[in-house]
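A short worksheet on the structure shown next.
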Number of protein chains: 2
Amino acid sequence: MGEYVPPTLTVDSVVFQLDGNKLSVLLIKRAREPFIGWWALPGGYCAAGETTRDAMARILNNKAGLETGKLGLVEQLYTFDTVARDPRGHAVSVTYMGLGRDLQLEVGSHTQTPQFFPVDTLPKVAYDHDDIIHYALERLQSKVSYTNAVYALLPDTFTLTQLQQAYEAALEHPLDKRNFRKKFLSYDAIEPTGQQHKEGAHRPAMLYRFRETGLQELERSFD
Amino acid sequence: MGEYVPPTLTVDSVVFQLDGNKLSVLLIKRAREPFIGWWALPGGYCAAGETTRDAMARILNNKAGLETGKLGLVEQLYTFDTVARDPRGHAVSVTYMGLGRDLQLEVGSHTQTPQFFPVDTLPKVAYDHDDIIHYALERLQSKVSYTNAVYALLPDTFTLTQLQQAYEAALEHPLDKRNFRKKFLSYDAIEPTGQQHKEGAHRPAMLYRFRETGLQELERSFD
DNA sequence: ACAAAAGTGTTAAGAATACACCCATGT
DNA sequence: ACATGGGTGTATTCTTAACACTTTTGT
């Protein structure tokens, strides 16, 4: 047991945000082999003494200039391991999903041209990262269906239309306005702020906020 | 980057089966420090060049005398990492859930008194293994609710009463017989074999089998 | 004939769906 | 006055939940 050598451990992150009502994923351009020049999920090594969650924060900060404290929700997804995953040898990759809004990417000395891409027009990505992105998207969809997780994609106060658009972007299909409002309001997960949102030549919208800011299950679920 | 040292990587497994209509978990008695003499989930190191899935099979075989080919379903659960998890230092543990029926534990030179314990009367367990077991139980319950996963807890042919008992054991609450049958049969996930199951001084029961033996989503979900 | 589990249907309440017009504002 | 998005209710269908007796067998 003294000769024990653990596999390489890496962390890859799928960060979603809404970009003009389109669900988008954060990718970086790889600066070295393998897959140099390809777009990829921000990822890197996890070292002894560092939790995978800490490694995620460090890597997103270094490679994408993203402060994970700004994410409204972080959730571990799945741990992928295939001997062929990394051309340099066997690797195990723990993956995380992050949700945010209006995320700032602070360009630094190690950032690798981080950029958000709408999920429906992704470029070719390195490794098995398209599998990971699709896995994350499924998790996002199910999470958003039975919890209040959309809060992480929205500003603190928002209109019912914005809320519905966030759901539509995440679920990738349209919802009926009256049924959506009736059902969502019945959950009592949000409350009116009393404020109005004026914008453009039309009736102003009521602003709402979530009653609870943490992750909570909804009474019933959507599709 | 040449000085990269990965954390210790371990795999722990939660194997469930029905033991006389009681949902039970496989535990072993630890043979060495730390937690020597305590009951624990079967677990061990994952080495470079070995996938975590392969490590799971090897460890279950060595420590519990269980052939993972006999499991009807294996699913990765979650990857736990806390610096304090293992007194020997920082470790990352990938966890798996396995479901089976009538599992044989073949005692060998390395097996550590493997034994199934009903989930409602578990002994004290080592590490954070009670957290892992509860996590697995929740996953089992949700999996069984929206998929045909119970098939892995049942023999190839079974009566509707056995099916219902499997659900009740997994969900930990009773179900209404007529509603259960009506709803489950409406899924078309099972078919009658034409055979009957005679047992005891009462009307024989029809035997059913699952149409598909792999994991499939049900049209609607239970609770 | 009795004990034991198998099998079977109806009704009422709740949830999901489909659907169209008026309201408040800015220009 | 008109263009724009905000806001609202009802009828129908489907799903769920509650509930009790008859059937078939072995002893």
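Nearer to the 5' terminus of DNA chain D, by closest-nucleotide assignment, is the contact made by A:Y208 (compared with the other of B:K177 and A:Y208).
For the pair A:L207 CG and D:dG6 C1', the computed distance is 12 Å after rounding to whole Å. Whole-Å rounding puts the A:L185 CG to D:dG9 P distance at 12 Å. Taking atom CZ of A:F180 as the reference point, atom P of D:dG9 lies 18 Å away to the nearest angstrom. Atom CZ in B:F158 sits roughly 14 Å away from atom P in C:dA6 (whole-Å rounding). We find that CG of A:L163 is positioned 14 Å from C1' of D:dG6, with the value rounded to whole Å. Rounding to whole angstrom units, CD of residue B:Q162 and C1' of C:dA6 are separated by 13 Å.
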Exercise for the section: Walk me through it: do A:D120 and A:K22 pass the test salt bridge (Lys or Arg N to Asp or Glu O under 4.0 Å)? Expected result: CA-CA 9 Å; A:D120 53 7; A:K22 276 186 118 53; 3.3 Å; yes

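The stretch residues 194-205 of chain A comes close to DNA chain D through A:A201, A:H202, A:R203, A:P204, A:A205, each having a heavy atom under 4.0 Å from the strand.
Side-chain contact annotation: A:Q165 with A:N21, donor-acceptor N/O pair under 3.5 Å present. Donor-acceptor pairing under 3.5 Å is recorded for the side chains of B:Y96 and B:T52. Side-chain contact, A:Q104 with A:E67: no donor N or O sits under 3.5 Å from an acceptor N or O.
Using a 4.0 Å cut-off between a side-chain N of Lys or Arg and a carboxylate O of Asp or Glu, A:D176 and A:K182 do not qualify as a salt bridge. Contact check on B:D81 versus A:R53 returns no salt bridge, with no Lys/Arg side-chain nitrogen under 4.0 Å from an Asp/Glu carboxylate oxygen.
Within a 6.0 Å sphere centred on CD of B:E106, heavy atoms belonging to other residues, nucleotides or ligands number 12 at most.
Regarding contacts with the backbone of D:dG6, a side-chain N or O of A:T161 is found under 4.0 angstrom from either OP1 or OP2.
Under the side chain to side chain contact (heavy atoms under 4.5 Å, CB included) test applied with A:F180, the options A:L160, A:T161, A:L163 reduce to a single match, A:L163.
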Exercise for the section: For nucleotides 10-18 of chain D, just jot down a letter per nucleotide in 5' to 3' order: B, S or -, based on protein non-hydrogen atoms under 4.0 Å. Expected result: B----SSBB

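Heavy atoms of A:T159 sit nowhere under 4.0 angstrom from any nucleic acid atom.
For the pair A:F117 and A:P123, the minimum side-chain heavy-atom distance is below 4.5 Å.
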